[in-house]
Trainee: 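Okay, handing you the structure first.
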Amino acid sequence: AAAPWGARACPPAGDLRAPRDALLAAADHLLLLTPGGPLPPGLPPGVLLLPSRIAGASAPAQPRCSLAELAALRCGLFLTVARPERILAALARAGIAPAPTVILGDHASPSSAQLARAARAPVDCWLTTARCAVKLPAQLGAAPVLALEHTLVLDALIERLGAFF
């Protein structure tokens with residue numbers, strides 16, 4: 001929510017796929033994922049706010065961990081996404097400060113050396129996204145790899161779209 005237009009430029013200087021005005025003109029609805037708090041100025045009227053947060057973490061062979069349980073653990077963070085700072089900020093809002101962090105490029109596959117270094121870290125678990133988890137083993141050393149659970153509240157979107165059906 002704090003930077004809905006990213007770097008406000010198209011590649012290579014930014015992450016927009018078209019100029020802001022062209023994107024707005026082509027859109028039927030504008031959705032803004034928000035953790036709450038102040039919104040950026042200059043949003044067009046009719047923006048739908050969708051509350052977004054991390055709800056916990058899980059893995060197939062592990063019990064689900066709540067945010068409170070994660071905050072009490074020594075968590076590492078292993079990411080291969082484009083904007084890792086967004087995940088770090090969401091974790092900070094939940095009271096989780098992962099250390100160490102391993103942040104590779106978007107869509108990167110970790111090398112065996114990077115996995116071996118992570119496996120030696122003194123952590124209780126490794127946090128990652130569901131998309132990144134497919135590139136990681138179920139455990140790094142003795143620590144399980146847990147995929148963060150991201151939730152969206154879609155009530156406002158469902159209500160608005162209901163008018164079309």
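Residue numbers start at 1 and run along the sequence shown. As a basis for the values below, the full set of heavy atoms in this structure was taken, side chains included, without hydrogen atoms, waters or symmetry mates.
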Trainee: Who pairs with Arg83 by side chain to side chain donor-acceptor pair (under 3.5 Å), at least two apart in sequence or on another chain?
Mentor: Asp15
Trainee: Atom CD1 of Ile54 and atom CD of Glu149: how far apart are they, to the nearest 0.5 Å?
Mentor: 10.5 Å
Trainee: Which residue pairs satisfy the ring pair (Phe, Tyr, Trp, His ring centres under 6.0 Å) criterion with at least one member in residues 24-61, sequence neighbours excluded?
Mentor: His29-Phe164
Trainee: Any sub-3.5 Å donor-acceptor pair from Arg131's side-chain atoms to Thr80's backbone N or O?
Mentor: yes
Trainee: Count I, L, V, M, F, W, Y as connected when their side-chain heavy atoms are under 4.5 Å apart, and connections chain through other members. Are Leu33 and Leu157 then in the same cluster?
Mentor: yes
Trainee: Could you report the tightest heavy-atom contact between Ala147 and Ala133, atom names first, then the distance?
Mentor: CB-CB, 4.4 Å
Trainee: Could you list the residues that satisfy salt bridge (Lys or Arg N to Asp or Glu O under 4.0 Å) with Asp155, not counting sequence neighbours?
Mentor: none
Trainee: More than 12 foreign heavy atoms under 6.0 Å from CD of Glu159: is that the case here?
Mentor: no
Trainee: Do Leu91 and Val123 sit in one hydrophobic cluster, given that two such residues count as connected whenever their side-chain heavy atoms are within less than 4.5 Å of each other, even indirectly?
Mentor: no
Trainee: Of all the heavy-atom pairs spanning Gln139 and Pro144, show the shortest one and how long it is.
Mentor: CG-CA, 3.9 Å
Trainee: Could you pull out the closest heavy-atom pair between Leu115 and Pro137, with the gap in Å?
Mentor: CD2-CD, 4.1 Å
Trainee: In chain order, what residues pass the salt bridge (Lys or Arg N to Asp or Glu O under 4.0 Å) check against Arg86, with sequence neighbours excluded?
Mentor: none
Trainee: Under 4.5 Å between side-chain heavy atoms, hopping through other hydrophobics if needed: is there a path connecting Val153 to Leu31?
Mentor: no
Trainee: Could you state whether Ile103 and Leu127 fall into the same hydrophobic cluster, counting links through intermediate Ile, Leu, Val, Met, Phe, Trp or Tyr residues with side-chain heavy atoms under 4.5 angstrom apart?
Mentor: yes
Trainee: If you compare all heavy atoms of Pro98 against all heavy atoms of Leu88, which two are closest, and at what distance to 0.1 Å?
Mentor: CG-CD2, 4.1 Å
Trainee: Look at the side chain of Lys135 and the backbone N and O of Ala108, then say whether any donor-acceptor pair between them is shorter than 3.5 Å.
Mentor: yes
Trainee: Atom CG of Leu152 and atom CZ of Arg53: how far apart are they, to the nearest 0.5 Å?
Mentor: 10.5 Å
Trainee: Which distance, rounded to the nearest 0.5 Å, do you find between the CG of Leu50 and the OG1 of Thr34?
Mentor: 9.5 Å
Trainee: On a heavy-atom basis, which atom in Gln114 and which in Ser109 lie closest, and how many Å separate them?
Mentor: OE1-O, 4.4 Å
Trainee: Please list all pairs meeting ring pair (Phe, Tyr, Trp, His ring centres under 6.0 Å) that have one or both residues in residues 32-60, counting only residues at least two apart or in different chains.
Mentor: none
Trainee: Find out if a path of hydrophobic residues (ILVMFWY) with successive side-chain heavy-atom gaps under 4.5 Å connects Val81 to Trp126.
Mentor: no
Trainee: Do you know which two heavy atoms are closest between Cys132 and Thr128, and how far apart they sit?
Mentor: CB-OG1, 2.9 Å
Trainee: Let me have the donor-acceptor pairs involving side chains of residues 68-79, under 3.5 Å, with sequence neighbours excluded, atom names and distances please.
Mentor:
residue: Glu69; atom: OE1; partner: Ser66; partner atom: N; Å: 2.7
residue: Glu69; atom: OE1; partner: Ser66; partner atom: OG; Å: 3.3
residue: Arg74; atom: NH1; partner: Pro122; partner atom: O; Å: 3.1
residue: Arg74; atom: NH2; partner: Asp124; partner atom: OD1; Å: 3.0

